[in-house]
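See below for the structure under consideration.
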Amino acid sequence: MKEKYDFHEIEAKWQEYWSGKGLNKTDTDASREKFYCLEMFPYPSGKIHMGHVRNYAIGDVIARYKKMRGFNVLHPMGWDAFGMPAENAAIKHGLHPAKWTYENIESMKKQLDRMGLNYDWDREVTTCSPEYYKWNQWFFLRLLEKGLAYRKSSFVNWCPSCATVLANEQVIDGKCWRCDSLVIQKELEQWFFRITRYAEELLRDCDKLTGWPERVVLMQKHWIGKSEGAEVDFPVQGMDEKIKIFTTRPDTLFGVTFMCIAPGHPLAEKLVRDKDKLNAIKEKYGKIEEKVGFFTGQYAVNPLTDRKVPIYVANFVLMEYGTGAIMSVPAHDQRDFEFAGEYDLPVVPVIVPEKSAGGKDLPASEFKQAYEDEGILVNSGNFSGLKSSQAKTEIGKYIEEKGLGKRTINYKLRDWGISRQRYWGTPIPVIYCDKCGIVPVPEKDLPVILPEDVKFTGKGGSPLAESEEFRKVKCPKCSGEARRETDTMDTFVDSSWYFVRYCSKRDENPLDKRNISYWMPVDQYIGGIEHAVLHLLYSRFFTKALRDLEVLPFDEPFLNLLTQGMVCKETLRCPEHDWLFPEEAQDGKCVLCGRPVDRGRVEKMSKSRKNVIDPDALIRRYGADTMRLFSLFAAPPERDLEWSDKGVEGAHRFLNRVWGIVYKNSDSKNSNELPVTSDKLKTKEKPGDSSLVIRHSLLLVRKTHQTIKKVTGDIDREYHFNTAIAALMELINEISSFTPEADEDRASLFFALKSILLMLAPFAPHIGEELWEAIGEKSSIFESPWPVWDEALAKEEEVELVIQVNGKLRAKLLVPAGLSDEEARQRSLEDAKVKEIISGKEINKVVVVKGKLVNIVTSNK
RNA sequence: GCCGGAGUGGCGGAAUUGGCAGACGCAAGGGACUUAAAAUCCCUCGGAACCUCGUUCUGUACGAGUUCGAGUCUCGUCUCCGGCACCA
């Protein structure tokens with residue numbers, strides 16, 4: 001064994017050993033209990049970043065730990081390989097997206113291997129390979145048969161910079177999720193997946209997601225956005241038309257004083273004569289800053305009161321939600337109230353607060369703002385006097401009986417538009433024939449392969465549309481001339497089922513039932529919070545849809561979800577050179593111009609702000625084990641992690657200490673044959689035989705058992721790696737102040753060392769293996785079982801009893817563990833210090849917490 | 001605006017069920033070793049007061065409350081972070 005910890009040498013050595021011995025290969029023995037550990041696969045941008053490092057370090061610890069605990073573990077990795085950057089690279093540098101992508105995969109794979117991650121590369125999934133995307137197409141066709149995929153024309157979110165459509169979930173603050181460009185509305189023919197058919201189930205099954213962070217479940221619930229209410233038809237006066245509205249407040253129906261329809265509402269063209277006015281409003285559609293509208297000149301009739309109300313066109317009424325038309329109740333809706341004020345419309349209160357029930361109507365002029373809470377109905381015909389909640393039901397029933405409308409449920413969730421006007425994605429397998437219409441590509445012709453010889457100009461339109469060879473095709477039905485769909489699928493389709501693909505080997509059928517039912521669902525999924533709705537919602541939908549296609553035998557794909565926090569670092573800015581990389585600032589000065597550098601706030605690491613650390617550089621300097629250890633120690637996984645160069649050094653120092661201690665004691669392996677059992681130590685504990693040395697030894701053994709208990713508990717309970725590592729550090733501190741003298745000491749020390757290596761191994765696998773070998777072990781440390789603790793040995797035989805008087809700490813007593821409450825009480829009262837404090841006072845009460853604390857409560861404090 | 005989450009030393013963070021606040025690490029200060037430095041090792045380290053040992057008081061964003069006892073539970077306030085946001 002070398003004296004110095006040479007991480008370069010040992011990391012290379014063990015990485016080779018693991019792959020050579022096939023230690024990371026998945027065992028297919030289905031009789032063992034399985035554990036499927038999965039991290040979100042990366043987009044192959046070319047280089048891994050600290051976010052990946054953290055994500056994959058967490059997953060690797062879990063996978064290695066579960067293996068040591070005896071589970072049959074599936075721990076795969078792959079590439080979310082379709083997407084825009086590859087295409088942009090093609091436009092910019094003339095590199096084919098496929099070449100660019102596969103080269104990136106090669107180099108990123110090497111980076112991941114250098115981190116010492118135990119992936120089974122035999123199951124690698126690359127979504128841009130035809131063998132993979134063939135199944136996207138296959139699923140598409142099945143969904144089409146089921147009516148779950150359909151084509152329609154609609155206004156869509158369009159990113160001018162990406163020149164493609166975005167799904168609702170992909171628009172963040174009105175901007176593109178990928179490039180931050182302002183998203184505009186554009187009318188297009190698009191393919192959709194009918195996710196809304198599963199809205200109710202997706203919502204209901206949120207209750208099954210017990211292993212998910214609550215906030216993610218909540219975000220999904222909000223996104224689905226269920227609301228109960230009623231649809232009511234308002235006939236248009238003098239026309240044979242009805243305006244259907246949706247309301248969650250049928251109890252306010254008697255307070256309707258006007259109506260608003262969306263500018264894009266089908267009736268708008270009919271009702272409005274002045275098209276210029278209508279177009280002007282259309283321009284302002286979706287603009288939050290101003291709420292504008294105009295009177296159409298037409299009236300509708302409130303079916304409950306037979307009173308006529310004016311119909312307005314308003315820019316804030318959304319065509320996409322509800323029915324595209326609303327009834328306006330200014331007395332009980334703040335926005336309607338403001339609109340009514342603007343256009344001088346009447347305010348008719350029909351709900352009064354419960355407290356003032358029976359009181360008189362509020363005159364409209366006294367209304368300063370809308371009363372939006374529930375209450376008691378007034379001015380509401382036969383329904384007056386009812387509570388809002390009752391009235392909702394009663395009015396709902398009434399309109400149903402009279403055929404005026406019905407009670408309904410509305411969701412905010414929209415169908416998932418999957419068409420993308422891009423090249424680097426899965427071709428949508430349909431053919432358009434003038435005679436036969438939309439014809440699905442026959443299954444035998446799958447996959448529809450992306451043509452290679454395509455020009456990337458970056459000038460509007462899909463490159464596929466430019467390819468004659470691709471577009472021109474014979475109709476599968478009539479053999480006449482036809483054309484292929486040239487849009488490709490949203491890449492979120494790829495990631496909606498990749499976890500299923502891992503369950504089978506590459507040469508096996510991806511839909512093999514046996515493999516799927518053994519491995520799925522994923523036991524632990526780990527990834528960033530940014531997918532709280534996007535990917536996680538799509539995957540849940542896909543799982544349910546595929547279940548209904550009898551491909552998957554379960555309802556939910558991910559049992560437990562861990563959303564790791566972001567990796568952050570302070571930003572540096574030079575007045576002249578703007579953002580600086582960490583190495584561009586030295587001693588608070590810019591290395592380029594020598595000006596003092598502004599230290600900005602701690603923000604998520606991002607290339608644009610240059611507050612990034614290159615994982616490769618870190619591995620070169622400290623090794624993968626140090627990098628892993630630091631990113632696991634600095635914060636609990638779900639919280640944001642603040643990068644600290646000093647902290648990295650601390651982690652490195654710790655590994656050096658472990659190395660040094662094993663080096664110093666590597667001769668103690670001769671004592672291996674002396675087992676440290678609880679019997680043995682107990683006999684040594686007998687009175688008269690407690691020499692100092694043995695006592696010392698016992699303490700170390702006890703500390704070791706306590707550490708095993710603590711570390712195991714910390715990992716099992718919510719993956720608190722930071723406190724687990726802290727416990728290992730404590731044990732190392734203990735060991736380093738331990739000097740063995742007798743053989744028993746050496747045996748105790750050896751036991752402590754062995755335990756610590758086993759527990760350190762999942763965090764820092766290379767040094768774990770190396771030191772394991774150094775202490776004389778022959779097989780891989782990862783083939784050894786996780787250590788177990790002996791409760792009897794972990795137990796302290798003496799505990800510190802805290803004595804409080806009136807809740808204030810006054811004394812501490814060392815007492816035998818298991819002391820009875822009565823005795824604890826006695827001893828506390830006898831304590832000299834306590835006696836002094838309580839003298840002359842009356843004892844009202846003594847509270848005893850077993851083995852922990854005594855609180856003496858006296859009068860006149 | 002609505003819905004979540006958080007607020008603990010100089011810093012990252014511990015405190016698992018209401019029971020010793022500050023584990024572990026970083027930084028800082030002091031010491032040992034060294035010609036010197038680095039590395040390493042040892043000690044100190046929330047604040048304040050005082051009879052310098054030591055002891056007392058105080059302290060988990062702020063204000064109240066429940067309790068023998070509150071970082072932890074309840075109510076109110078402030079700040080920060082995240083999500084949704086014309087959703088009828």
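We name chains A, B, ... by the order of the sequence lines, and we start the count at 1 in each one.
Applying the 3.5 Å distance criterion, the base of B:C68 shares no donor-acceptor pair with the side chain of A:Lys845. Not a single donor-acceptor pair, N or O on each side, falls under 3.5 Å between the base of B:U56 and the side chain of A:Lys808. Judged by distance alone with a 3.5 Å cut-off, a donor-acceptor contact links the side chain of A:Lys291 to the base of B:C86.
When both pairing distances are held under 3.5 Å, B:C41 makes a Watson-Crick or G-U pair with B:G31. Using the Watson-Crick or G-U wobble rule with both distances under 3.5 Å, B:A49 pairs with B:U55. Nucleotide B:U79 has B:A6 as its partner under the Watson-Crick or G-U criteria, with both atom distances under 3.5 Å.
Between A:Asn733 and the phosphate of B:G25, there is a side-chain N or O to OP1/OP2 separation shorter than 4.0 Å. Contact between the side-chain N/O atoms of A:Ser227 and the OP1/OP2 oxygens of B:A88 is found at a separation under 4.0 Å. Listed pair A:Arg810 / B:C57 meets the phosphate criterion, a side-chain N or O lying under 4.0 Å from OP1 or OP2. Between B:A14 and A:Asn722, a contact under 4.0 Å exists linking OP1 or OP2 to a side-chain N or O. Remark: A:Arg335 is not in phosphate contact with B:G1, judged by side-chain N or O atoms under 4.0 Å from OP1 or OP2. A:Arg657 has no side-chain polar atom (N or O) that falls below the 4.0 Å cut-off from OP1 or OP2 of B:C24.
Looking at heavy-atom distances under 4.0 Å, A:Leu318 makes contact with a base. As judged by a 4.0 angstrom heavy-atom cut-off over every strand, A:Gly650 is placed among residues touching the sugar-phosphate backbone only. At the heavy-atom level, A:Asp640 lies under 4.0 Å from the strands shown only through sugar-phosphate atoms. Nucleic acid contact for A:Glu800: base, since at least one base atom lies under 4.0 Å from a heavy atom of the residue.
Between A:Glu603 and A:Lys569 there is no salt bridge, since none of the side-chain N atoms of the basic residue sits less than 4.0 Å from a carboxylate O of the acidic one. For A:Glu734 and A:Lys703, the salt-bridge test fails: no basic side-chain N is under 4.0 Å from an acidic carboxylate O.
Distance from the side chain of A:Tyr321 is smallest for B:A88 among the nucleotides B:C68, B:C24, B:A88. Looking at the side chain of A:Arg639, the nearest of the listed nucleotides B:G13, B:A88, B:C57 is B:G13.
Looking only at atom types and distance, the side chain of A:Glu791 has a donor-acceptor partner in the side chain of A:Trp789 under 3.5 Å away.
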Under the criterion side chain to side chain contact (heavy atoms under 4.5 Å, CB included), I'd like the reasoning laid out for A:Thr247 against A:Ile326: C-alpha separation, chi angles, the key distance, then a yes or no.
CA-CA 7 Å; A:Thr247 179; A:Ile326 59 169; over 6 Å; no
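Both A:Gln804 and A:Arg215 lie close to RNA chain B; mapped to their nearest nucleotides by heavy-atom distance, the more 5′-ward contact belongs to A:Arg215. In this structure, A:Arg653 and A:Glu642 both approach RNA chain B, and ranking their closest nucleotides by distance from the 5' end singles out A:Glu642.
A 6.0 Å sphere centred on NZ of A:Lys795 holds no more than 12 heavy atoms belonging to other residues, nucleotides or ligands.
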